[in-house]
Amino acid sequence: MSQINLTFPDGTVKQFDSGISVQEIANSISISLGKKAVAGKFNDQAVDLRQALVADGAIEIITKDSEEGLNVLWQTAAFILNEVLADKYPEMNFGEAHADEHGFYLDTEKPGQAQLAVTDFDDVSAAMQQVILANEPIEFASLSQADALKLAGNDPYQKELVEELTVDGQVAVYQHGDFTSLAYAPVLAATGKVKIFKLLSVAGAYWKGASSNPMLQRIYGTAFYKQKELDAELARRQEAHERDHRVIGNQLDIFFVDPKVGAGLPYWMPNGATIRRTLERYIIDKELAAGYEHVYTPVLANVDLYKQSGHWDHYREDMFPPMDMGDGEFLELRPMNCPSHIQVYNHHKRSYRELPLRIAELGMMHRYEKSGALTGLSRVREMTLNDGHTFVSPDQIEDEFKKILDLMIDVYNDFDIHDYRFRLSYRDPANKEKYFDDDEMWNKSQKMLKSAMDDMGLDYFEAEGEAAFYGPKLDVQTKTALGGEETLSTIQLDFLLPERFDLKYIGTDGEDHRPVMIHRGVISTMERFTAYLTEMYKGAFPTWLSPKQVDIIPVKNDLHLAHAKDLQSRLMAHQIRVEIDDRNEKMGYKIRQAQVNKIPYSLVIGDQEVADNTVTVRKYGEKETETMAFDDFVTLLNHDIETYSRKN
RNA sequence: GCCAUUUUAGCUCAGUAGGUAGAGCGCCACCAUGGUAAGGUGGAGGUCACCGGUUCAAAUCCGGUAAAUGGCUCCA
């Protein structure tokens, strides 16, 4: 019998008889591993425990309690869901079943009928429970492609999947009773191994993720070995909901969107406006210190400007339609600020001595986002971007790129933002028509970005098809409360617009030269950044950002209100945002209100405080109070604000 | 834009089977009230998203529109 060499994760290589199964390999290592094993990984590809191995390669055992082990459980739950639905609705078509970050999903289609709905979940769940209780083996088998196609019947999606999953004329499948499913990924060996599951929601999803394809009905669910784990997952979802900036934005009166005015056009209430104004002042000061010059440019411009920039050709579906002024002029709401800043650059003849020239603006722009994409403050149709365009000579690109990154990292530290990853966003080579057509430019600038990142020793990942139409980008990717990934900051290299607008500077040689543009946004749009911070802080903004910073609570209005008012005006003289709660309510009630509204500091003022010129301070989220001299409290506040309440 | 669901008081939600609306919180008033998470009583507040249809009668049934939510596609 021939032998194969298998490499284990720790690097050791062992020899086995060809045809050995993953389960047998696990057993050979230890009895406990054999028991805990739920699947294997062969050359980084998840495989069933019963898979026979006949070639050399890297092997890894996936255990029940690992993250990948959970995927096997989810895949099994999806298999059972698939089986139950196929039994209940013989005419139903099925797409792939998959595990994702928090559970599984299965794509379904009832041709020409009402699709499966949440109201069907009780019935379907009950049927799944029966399959689980029966606890019968799920067989792992291999069919010829012809047999598999026969089983797929009239289901167009299954037919396509059979073709895709065929290897050497054979298709791996799982079978339980009369039901056969394609093996998309490993499942457990028996239906009873799925202990706790829950169907969660339905949603539309395009077949193969292409909007030109039919839309299937996707059923989402999750499963665990223990009820406690499911409870924890449901609690996590609840916590995510409570963190959602739309929920907090409503509770704390930060913003609203009025359908009368228009979808995606948010109103900033005084609390939100205070946060925004604080952000704007902050970033402008940072930029001034970094050598930027701020401008104001119009949100409307002649459509010709965007024809010249290329937005008209490459970005039109995201733009509001032009306004016909009736005299041959067409005005366009700008979707980006770059052409405006180019006009600023071009307003004077420029010398190499002026470079890098850094133009910045809190630039308001309008993009016609698809209705289904709009989300609270994080995806809107009118937004103000912390925009900046740096014009550099080619030899200054790398240095300027690093300066911008330094600024970004500095700013992130001030906000205590640490959970993010860098993405190098390239154009999609298979889809070149979406981008400006200049291979050399793309290759050159993509390489340049990568080498600058390597040079700075920063971790990043690369993504094709994420570039802007005019050039590649470095994006900073963060997570929203609900788990979605969003771009916060971005730095983009642009060799194209300088060409299109014929930008020049006079070099040391007295000749004209072409500058390069770097587009950058550090704190994103005011809208998205506010949404992000709201979720990150869960509405408990650090003192410097908090709409209300201090809440003064007189113990008894008759006796202490006058003193409270005196304290208020003294704090206001220090630019502190302070309110007095002089309602006819008990103290406990007012303390509760201050906590519910997440005000950083509550001050209780009674006889003692009036007599000693002290304040009794309760910090948000803490139960203890501290009585201190008023002046010390002012010092504490100022320190808090000056350091942005950073933890480090 | 697409699929599904939803839309009732400022907010969160009830409203059973068609018979023209309720609660809690908030707001207002009065009473009570001296130390760290909800004192009491009363009151105001709603074209039941909008338009149309079925019906003697529609918050409730049907159709359309808009918006929101969950996803998909697309993006700061």
(request) Quickly work out the A:Leu374 CG to B:C72 C1' distance and round it to whole Å. (result) 15 Å

(request) Please check if the distance between the ring centroids of A:Phe104 and A:Tyr184 is under 6.0 Å. (result) no

(message) Between B:G42 and B:A37, how far apart are the two P atoms, rounded to whole Å?
(response) 28 Å

(request) Mind calculating the distance between CE (A:Met269) and P (B:C11) to the nearest angstrom? (result) 11 Å

(message) Mind checking if A:Glu369 touches a base, just sugar-phosphate, or nothing, with heavy atoms under 4.0 Å?
(response) base

(message) Can you identify which nucleotide, out of B:G34, B:A76, B:G71, has its nearest atom closest to the A:His560 side chain?
(response) B:G34

(request) Scan A:Thr375 against the nucleic acid and name what it touches under 4.0 Å (heavy atoms): base, sugar-phosphate only, or nothing. (result) nothing

(message) On the six-membered ring of A:Tyr589, is A:Arg583 placed so that its NZ or CZ lies under 6.0 angstrom from the centre and within 45° of the ring axis?
(response) no

(request) For A:Arg381 and B:C74, give me the distance from atom CZ to atom P, rounded to whole Å. (result) 18 Å

(message) Between A:Arg379 and B:C74, is there a contact of a side-chain N or O with OP1 or OP2 at under 4.0 Å?
(response) no

(message) Looking at B:A76, I'd like to know if its phosphate oxygens (OP1 or OP2) sit under 4.0 Å from a side-chain N or O belonging to A:Lys473.
(response) yes

(request) Report which part of the nucleic acid A:Gln608 touches: base, sugar-phosphate, or nothing (heavy-atom distance under 4.0 Å, all strands). (result) base

(message) Any base atoms under 4.0 Å from A:Gln595, or only sugar-phosphate, or nothing? Heavy atoms, all strands.
(response) base

(request) Looking at every strand, decide which applies to A:Leu559 at a 4.0 Å heavy-atom threshold: base, sugar-phosphate, or nothing. (result) base

(request) Give A:Tyr105 one of three labels, base, sugar-phosphate or nothing, depending on what nucleic acid heavy atoms sit under 4.0 Å from its own. (result) nothing

(message) From CG of A:Asp612 over to C1' of B:G35, roughly how many Å is that when rounded to an integer?
(response) 15 Å

(request) Write down the distance separating the P atoms in B:C62 and B:G10, rounded off to the nearest Å. (result) 27 Å

(request) Determine the interatomic distance between P on B:A14 and the same-named atom on B:U7; round to the nearest Å. (result) 8 Å

(request) For A:Thr487, answer base if it contacts any base atom (sugar-phosphate contacts may also be present), sugar-phosphate if it contacts only those atoms, and nothing otherwise; contact means non-hydrogen atoms under 4.0 Å. (result) sugar-phosphate

(message) Does B:U12 have its OP1 or OP2 closer than 4.0 Å to a side-chain nitrogen or oxygen of A:Asn250?
(response) yes

(request) In whole angstrom, give the distance that lies between atom CG of A:Asn584 and atom P of B:U33. (result) 12 Å

(message) Roughly how many Å apart are B:G39 and B:G19, using the P atom of each and rounding to a whole number?
(response) 39 Å

(request) Determine: side-chain N/O of A:Tyr589 to OP1/OP2 of B:G26, distance under 4.0 Å, yes or no. (result) yes

(request) Can you figure out which of B:C3, B:G39, B:G34 approaches the side chain of A:Glu585 most closely? (result) B:G39

(request) Quick one: label A:Val380 by what it contacts on the DNA or RNA (base, sugar-phosphate, nothing), any heavy atom closer than 4.0 Å. (result) base

(message) Strictly below 4.0 Å, N to O, side chains only: are A:Glu233 and A:Arg236 in salt-bridge contact?
(response) yes

(request) For the pair A:Phe415 and A:Tyr282, evaluate ring pair (Phe, Tyr, Trp, His ring centres under 6.0 Å) and give the outcome as yes or no after the intermediate values. (result) CA-CA 11 Å; A:Phe415 286 97; A:Tyr282 164 84; 5.2 Å; yes

(message) Please pick, from B:G70, B:A37, B:C72, the nucleotide with the shortest atom-to-atom distance to any side-chain atom of A:Ala203.
(response) B:G70

(request) Ignoring backbone atoms, establish whether A:Arg246 has a side-chain N or O less than 4.0 Å from OP1 or OP2 of B:U69. (result) yes

(request) Could you work out the separation of B:C25 and B:A44 based on their C1' atoms and round it to a whole Å? (result) 16 Å

(request) Could you verify whether a donor N or O on one side chain and an acceptor N or O on the other, from A:Asp551 and A:Ser602, lie under 3.5 Å apart? (result) no

(message) Please give the distance between the C1' atoms of B:A32 and B:C50 as a whole number of Å.
(response) 47 Å

(request) Would you mind classifying the nucleic acid contact of A:Glu109 as base, sugar-phosphate or nothing, using non-hydrogen atoms under 4.0 angstrom? (result) nothing

(message) Can you tell me if A:Arg583 touches the phosphate of B:C28, counting only side-chain N or O atoms and a distance under 4.0 Å to OP1 or OP2?
(response) no

(message) Determine whether A:His389 and A:Ile518 satisfy the following criterion, side-chain contact (heavy atoms from CB on, under 4.5 Å), listing intermediate values before the conclusion.
(response) CA-CA 6 Å; A:His389 295 92; A:Ile518 304 177; over 6 Å; no

(request) Could you tell me the separation between the NZ atom of A:Lys586 and the P atom of B:G34, rounded to a whole number of Å? (result) 8 Å

(request) If B:G52 has a Watson-Crick or G-U wobble mate with both distances under 3.5 Å, name it; if not, just say none. (result) B:C62

(request) Go through the N and O atoms of the side chain of A:Asp607 and the base of B:G35, and report whether any donor-acceptor pair is under 3.5 Å. (result) no

(request) Pick base, sugar-phosphate or nothing for A:Ala117, based on heavy-atom distances below 4.0 Å to the nucleic acid. (result) nothing

(message) Of the listed nucleotides (B:C72, B:C74, B:G35), which one gets closest to any side-chain atom of A:Lys370?
(response) B:C74

(request) State plainly whether the residues A:Glu361 and A:Arg334 are in salt-bridge range, i.e. N to O under 4.0 Å. (result) yes

(message) Output the rounded distance in Å from OH (A:Tyr470) to C1' (B:A76).
(response) 10 Å

(message) Within this structure, what is the CG-CZ distance for the pair A:Asp475 and A:Phe422, rounded to the nearest 0.5 Å?
(response) 11.0 Å

(message) On RNA chain B, compare the nucleotides closest to A:Gly209 and A:Ile605; which residue's is nearer the 5' end?
(response) A:Ile605

(request) Determine the interatomic distance between C1' on B:G70 and the same-named atom on B:G63; round to the nearest Å. (result) 25 Å

(message) For the NZ atom on A:Lys208, are there more than 12 heavy atoms of other groups (residues, nucleotides or ligands in this structure) within a distance under 6.0 Å?
(response) yes

(request) Using the P atoms only, state how far B:G15 lies from B:A23, rounded to an integer number of Å. (result) 15 Å

(request) Figure out the CZ/C1' separation between A:Arg334 and B:A76, and round it to whole Å. (result) 14 Å

(message) At 4.0 Å (heavy atoms only), tell me whether A:Gly606 reaches a base, stays on the sugar-phosphate, or touches nothing.
(response) base

(request) Look at the side chain of A:Pro259 and decide which nucleotide, out of B:A67, B:U36, B:U69, has an atom nearest to it. (result) B:A67

(request) Check every atom of B:A68, B:C75, B:G70 against the side chain of A:Arg367 and return the nucleotide holding the closest atom. (result) B:C75

(message) Regarding A:Ser524, tell me which of base, sugar-phosphate or nothing describes its non-hydrogen contacts under 4.0 Å with the strands shown.
(response) sugar-phosphate

(request) Could you please name the option among B:C2, B:A37, B:G35 that lies closest to any side-chain atom of A:Tyr206? (result) B:C2

(message) Please tell me if A:Ser211 has a side-chain N or O lying less than 4.0 Å from either OP1 or OP2 of B:C2.
(response) no

(request) Please figure out whether A:Ser201 or A:Glu609 has its closest RNA chain B nucleotide nearer the 5' end. (result) A:Glu609

(message) Using the side-chain heavy atoms of A:Lys556, tell me which of these nucleotides is nearest: B:G34, B:A76, B:G35.
(response) B:G34

